[in-house]
Amino acid sequence: MDREKIIQAGKIISDVREYARGFIKKGMPLIEIANKIEDKMEDFEVKPSFPTCLSVNDVAAHGTPAHDDERIAEGLLKVDMGVHVDGWISDTAFSLDLEDSEENKKIIQASESALDSVIEKIKKGIPINELGKAVHGAIESFGFNPIVNLSGHEVRHYELHSEISIPNFDNNNSNPLPEGLYAIEPFATPGSGKVKDGSPSGIYILIDDKPIRSPLARELLDFIKQEYSTLPFCSRWIVKKFGTKGLFGLRQLVENGNIHSYPELVESSNKNVAQTEHTILVEADKITVTTE
């Protein structure tokens, strides 16, 4: 691991996160928010490690605006973002109550408390399920449920979701946590505590560079390999480069099995969800919250 670049990526995205906290207001177009966040990343001369996600109310994750999106910021808004420095990734998220709702504020507090609980406990060698217990206990103490079929994740070079998952409940996985880089992201909800697949999100990832006959799709595939490698990307980025014809190319690549299309993830009882996330570097003798 390149510790220096991991720390750099974390510092940059923490600055971008605080910038985003300062300008997001109720009623702003989601596309404007995403563009401002990603333009700020560009100011730091880094690229996103995944599309900026702006998930509203019961959409727990993978909500990102399309190029022509007309949706606005409202309700309980999750803002999930990351950058990479030469493939070394940062990943962070926060939630905003845009309705002056006491329940929304409490859901957000539950998620934040759960993350704090993990940060207090996490170290090399801790049984992985102990981290899940910490999340569940903190969220339950507020009267809410964790999302049990979403989890934190190990992060590796050019690999946003790697081998090890960090549960949001006690999943009985008593394996010791190895040294590594981890994104910890508790989700809290007054709902059932599970997500289901919703509408297509417009987020994709390259899974196979096998040949495709369409010249447009071939050009698009070459661009995706060069520009995004194994990291997620989204339709609005493709439209920015190729125009709306790029959307047809994306459909061809999905049909040919070159790229995978992610759905939005929606709370199964359609209740609001809050998310809080930090990236944590676990080393032999210490932990570093890179995105603090």
Side-chain angles (χ1 to χ4, degrees), residues 1-13 15-16 31 33-54 61-69 80-92 153-163 181 183 200-263 279 290-291:
M1 289 194 296
D2 191 322
R3 191 180 195 280
E4 184 178 340
K5 290 179 179 176
I6 288 169
I7 298 299
Q8 183 185 359
K11 176 64 170 68
I12 289 171
I13 200 59
D15 288 346
V16 175
I31 186 68
I33 295 171
N35 286 338
K36 284 173 75 77
I37 287 172
E38 290 165 6
D39 286 348
K40 177 59 76 171
M41 294 174 185
E42 199 171 304
D43 289 345
F44 285 102
E45 299 182 340
V46 293
K47 293 181 178 179
S49 46
F50 56 91
T52 299
C53 290
L54 303 168
H62 296 174
T64 200
H67 74 285
D68 58 353
D69 212 303
D80 192 352
M81 63 183 79
V83 300
H84 70 92
V85 176
D86 296 333
W88 297 103
I89 292 167
S90 61
D91 185 357
T92 189
H153 47 96
E154 184 184 10
V155 179
R156 293 184 181 176
H157 193 226
Y158 277 110
E159 192 176 354
L160 181 60
H161 287 253
S162 193
E163 183 178 346
L181 189 64
S201 68
I203 300 174
Y204 304 86
I205 195 166
L206 177 67
I207 54 174
D208 195 327
D209 64 353
K210 62 186 174 182
I212 186 167
R213 293 183 64 180
S214 160
L216 170 62
R218 281 202 307 271
E219 182 185 4
L220 188 53
L221 181 59
D222 288 341
F223 174 76
I224 290 166
K225 288 192 292 184
Q226 180 178 348
E227 185 69 17
Y228 308 121
S229 184
T230 51
L231 296 175
F233 61 96
C234 63
S235 61
R236 60 187 154 81
W237 294 350
I238 297 301
V239 170
K240 188 175 181 180
K241 174 69 177 177
F242 291 88
T244 52
K245 69 178 182 180
L247 300 175
F248 181 63
L250 285 174
R251 285 195 295 272
Q252 291 177 314
L253 290 173
V254 170
E255 290 167 2
N256 197 53
N258 297 102
I259 61 176
H260 170 70
S261 172
Y262 289 98
T279 304
T290 70
T291 54

Working to the nearest 0.5 angstrom, can you tell me the gap between [X] [atom1] and [Y] [atom2]?
| X | Y | atom1 | atom2 | value |
| --- | --- | --- | --- | --- |
| L216 | F248 | CG | CZ | 7.5 Å |
| E219 | I224 | CD | CD1 | 11.0 Å |
| L206 | Y228 | CG | OH | 12.0 Å |
| L221 | N256 | CG | CG | 8.5 Å |
| K11 | T290 | NZ | OG1 | 12.0 Å |
| L54 | I31 | CG | CD1 | 9.0 Å |

Do [X] and [Y] have side chains that get closer than 4.5 Å, going by heavy atoms?
| X | Y | result |
| --- | --- | --- |
| R156 | L181 | no |
| D222 | Q226 | no |
| F233 | I259 | yes |
| K47 | L231 | no |
| H157 | W88 | yes |
| I238 | L247 | no |
| H153 | D91 | yes |
| T279 | I13 | no |

Salt bridge (Lys or Arg N to Asp or Glu O under 4.0 Å) partners of [X], counting only residues at least two apart:
| X | answer |
| --- | --- |
| E45 | none |
| E255 | none |
| D208 | none |

Is it true that a side-chain atom of R218 and a backbone atom of R213 form a donor plus acceptor pair closer than 3.5 Å?
yes
Would a distance-only check, ignoring hydrogens and angles, find a side-chain to backbone donor-acceptor pair under 3.5 Å from D39 to K36?
no
Distance-only criterion, 3.5 Å: show the donor-acceptor pairs between side-chain atoms of residues 80-87 and protein atoms not counting sequence neighbours.
residue	atom	partner	partner atom	Å
D80	OD2	Q275	NE2	3.1
H84	ND1	G87	N	3.0
D86	OD2	K5	NZ	2.7

Can you name the closest pair of heavy atoms from [X] and [Y] and give their distance?
| X | Y | result |
| --- | --- | --- |
| A217 | Q252 | CB-OE1, 3.6 Å |
| I37 | T52 | CG2-OG1, 3.7 Å |
| L160 | S49 | CD2-O, 4.4 Å |
| A34 | P65 | CB-CG, 3.7 Å |

Please identify each residue that fulfils side chain to side chain donor-acceptor pair (under 3.5 Å) with K40, with sequence neighbours left out.
none
Could you check whether atom CD of E227 has more than 12 heavy atoms from other residues, nucleotides or ligands sitting under 6.0 Å from it?
yes
Decide side-chain contact (heavy atoms from CB on, under 4.5 Å) for I89 and F50; before the verdict, give the C-alpha distance in whole Å, the side-chain angles of both, and the deciding distance to 0.1 Å.
CA-CA 10 Å; I89 292 167; F50 56 91; 5.7 Å; no
For F242 together with F223, are the ring centres under 6.0 Å from each other?
yes
So the side chain to side chain donor-acceptor pair (under 3.5 Å) pairs with at least one residue in residues 230-241 (sequence neighbours excluded) are E38-R236, E38-W237, T64-R236
